Amino acid sequence: MSDSLETQAAGGRADATDGKRWWILAIIAIAQVMVILDATVVNIALPSAQKDLGFSDTQQQWLITGYALSFGSLLLIGGRVADLFGRKITFLVGVAGFALASAVGGAANSFGMLVAARVGQGVFAALLAPAALSLLTTTFTDPKERSKAFGIFGAISGAGGAIGLLLGGVLTEYLDWRWCMFVNLIFAAVGLFGGAALLSGSTAENRPKLDLIGVVAATGGMFALVYGLGNVPTYDWGAPESWGFLTAGAVLLVFFVYWQQRVEHPLLPLRILLHRNRGGSFLSIFVLCAGMFVIFLFLTFFMQQNLAFSPVASGVGFLPMIGTLMVGATVATTVLLPKVGPRPLVPTGMILAGAGIGLLGLLEPTSTYASGVLPGLLVSGFGIGLTMASAMNVGIAGVEEHDAGVASAAINAVQQIGGSIGTALFSTIASSAAVAAMSEGKELAAAKVASYSAAFTWSAILFAVGGVLCAFILRPGVPEELKTAGPSVHM
């Protein structure tokens, strides 16, 4: 009798879960959109925020880098925290913390306060994103439904960047740049109250130990590397504030690799990276994200300051790139990748993306959107979509079940870290080019365009070098694991 009652109770709980699982998907997707759009929504607001708070051109990069670096460097541990303390509580803490950091950012009265808020957003996003993916996996247990849910979740995540560009323009133009921060409170309220009502508490069956030494080494190394690059425009390469942090970052990252080979529960098992196809995929994703962040950062200023675009028009101006990116990604995954494999696609996509960014490097103060900006956006978008979709599929395919979570988190971490390093590096290049142009007697407006062109040109070179390297690293043919790999989602 007791067993019968327990069975009926379990069945009732299962029915209740079945009835609300699509609502759970909606709640998780809304929270995910909040995380994704914040990578781009601030870009459109940067000129207005700079005018309001009075920070310099060399400082502006930290509003992008602070979010990407804290998000990317903590993603690996974020998944472990969810396993240790429960996915529901980790998700809710991530949503609440993200909302609090957004409120602080919206109320910021100084550049330092705004940067601190962006870093805080990244920290809590690193808790929220892995927990969201884990909850999605445990909520949809039927393979067919899980595939459908992952497809919806992935499509919404992919649209987050475009939503951020448009939303940032609308909020900045019709309200105030601060609403690019405050708007997250609306998303967070839905995620927080919906999650508290619908989600069930759960933890992993095997609770992993935290590799705290690995966390400190990886996070400290990435911070020192990016901070050192960011100091170059202010202190020059020969200053201790630059080379000292760069050296410390390199030492910490070398130690991280050494430590991961010896610790019992590594934060990032090196076997994931040493697979040739996976290593090539990670490299291509790193390069792509470094270049993508550069496009959004510098083109925003060019469109608003040189072309006199409004914030809304600037957001719309990026849509052709998003459109060709989606076309490239669709063609890659549905047509080309199953037939030719990643080796032809990834290098070709990277060369195309580099060519598009190279066209942006030809911008002049008199360039127009149609003749100067649009061709570069169309070509680079298609190349990025071709490469990103192929690399992400290959990067997770064939991973052992016990490594699937950390491999997915690693890909997402590479995206954010690539963006943070690229932003710091190319901001340094742009700053040096601006100083050189001013010393040649160019006016301020012309010097700024020269700085953007320098950043785009070196970014194009990076794409070309990355494409050549990936051509040698990736294996020829269609990987067998792509034929048997299940659905995967990447933020």
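Small disclaimer: the values here were computed from a predicted structure and weren't measured. Index from 1, following the sequence.
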Please examine the side chains of Ile417 and Phe71, heavy atoms only from C-beta on, and report whether any two atoms are closer than 4.5 Å. no
Interatomic spacing from CD1 in Ile429 to OG in Ser451 - rounded to 0.5 Å: 11.5 Å
Walk me through it: do Ile384 and Met321 pass the test side chain to side chain contact (heavy atoms under 4.5 Å, CB included)? CA-CA 9 Å; Ile384 289 171; Met321 176 185 173; 3.8 Å; yes
So, taking the atom named CD1 in Ile473 and the one named CZ in Arg278, what distance separates them when rounded to the nearest 0.5 Å? 14.0 Å
For Phe91 and Ala31 the tightest heavy-atom approach is CZ-CB, 3.7 Å
Could you state the interatomic distance from CZ (Phe472) to CZ (Arg276), rounded to the nearest 0.5 Å? 11.0 Å
To the nearest 0.5 Å, what is the distance between CG on Leu171 and CE on Met181? 10.5 Å
Within this structure, what is the OG1-CG distance for the pair Thr387 and Leu345, rounded to the nearest 0.5 Å? 8.0 Å
Evaluate the side-chain proximity of Phe223 to Leu252: yes if any heavy-atom separation is below 4.5 Å, no if none is. no
Fit a plane to each ring of Phe255 and Trp259, take the angle between them on a 0 to 90° scale, and name the class: parallel (under 30°), tilted (30 to 60°) or perpendicular (over 60°). parallel
Decide yes or no on side chain to side chain contact (heavy atoms under 4.5 Å, CB included) for Ser380 and Leu352, but give the supporting numbers first. CA-CA 6 Å; Ser380 61; Leu352 281 175; over 6 Å; no
Do Met222 and Ile421 come within less than 4.5 Å of each other through their side chains, counting heavy atoms only? yes
Can you see which heavy atom on Ala471 is nearest to which on Arg343, and at what distance? O-NE, 2.8 Å
Nearest atoms (heavy-atom pairs only) where Ile27 meets Gly194: CD1-CA, 3.8 Å
Give the table of side-chain donor-acceptor pairs shorter than 3.5 Å for residues 283-294, with sequence neighbours excluded, one pair per line with atom names and distance.
| residue | atom | partner | partner atom | Å |
| --- | --- | --- | --- | --- |
| Ser284 | OG | Gly280 | O | 3.4 |
| Ser284 | OG | Ser281 | O | 2.8 |

Heavy atoms only: give me the nearest Gly191-Val95 pair and the separation to one decimal. C-CG1, 4.3 Å
Take Leu92 and Phe193 through the test side chain to side chain contact (heavy atoms under 4.5 Å, CB included) and record every step on the way to the result. CA-CA 9 Å; Leu92 295 178; Phe193 291 109; over 6 Å; no
Pairwise side-chain contact, Pro347 with Val468, heavy-atom cut-off 4.5 Å (strictly under): no
Any side-chain heavy-atom pair of Val35 and Phe187 under 4.5 Å: no
Looking at CD1 of Ile357 and OG of Ser459, how far apart are the two atoms once the value is rounded to the nearest 0.5 Å? 3.5 Å
Restricting to non-hydrogen atoms, name the atom on Cys470 and the atom on Met350 that form the minimum distance, rounded to 0.1 Å. SG-SD, 3.9 Å
Minimal heavy-atom distance between Leu360 and Phe456, with the atoms involved, is O-CD1, 3.5 Å
Working note: Met34 + Leu128, criterion side chain to side chain contact (heavy atoms under 4.5 Å, CB included); need CA distance, chi angles, decisive distance, verdict. CA-CA 10 Å; Met34 178 179 69; Leu128 192 161; 3.8 Å; yes
Between Phe463 and Trp458 (judged by ring centroids, cut-off 6.0 Å), do the two rings come close enough to count as a pair? no
Give every donor-acceptor pair under 3.5 Å between a side-chain atom in residues 106-121 and any protein atom, sequence neighbours left out.
| residue | atom | partner | partner atom | Å |
| --- | --- | --- | --- | --- |
| Ser110 | OG | Met113 | N | 3.2 |
| Arg118 | NE | Leu63 | O | 2.8 |
| Arg118 | NH1 | Asp38 | O | 3.1 |
| Arg118 | NH1 | Asp38 | OD2 | 3.4 |
| Arg118 | NH1 | Gln121 | OE1 | 3.1 |
| Arg118 | NH2 | Asp38 | O | 3.2 |
| Arg118 | NH2 | Leu63 | O | 3.2 |
| Gln121 | NE2 | Asp38 | OD2 | 3.0 |
| Gln121 | NE2 | Ser102 | OG | 2.8 |

Do other residues, nucleotides or ligands put more than 12 heavy atoms under 6.0 Å from the CZ atom of Phe301? yes
Mutual orientation of the aromatic rings belonging to Phe98 and Tyr67 [parallel < 30°, tilted 30-60°, perpendicular > 60°]: perpendicular
Backbone N or O of Ser427 within a donor-acceptor pair of the Ser431 side chain at under 3.5 Å? no
Can you say whether the rings of Phe298 and Tyr452 are parallel (under 30°), tilted (30 to 60°) or perpendicular (over 60°)? tilted
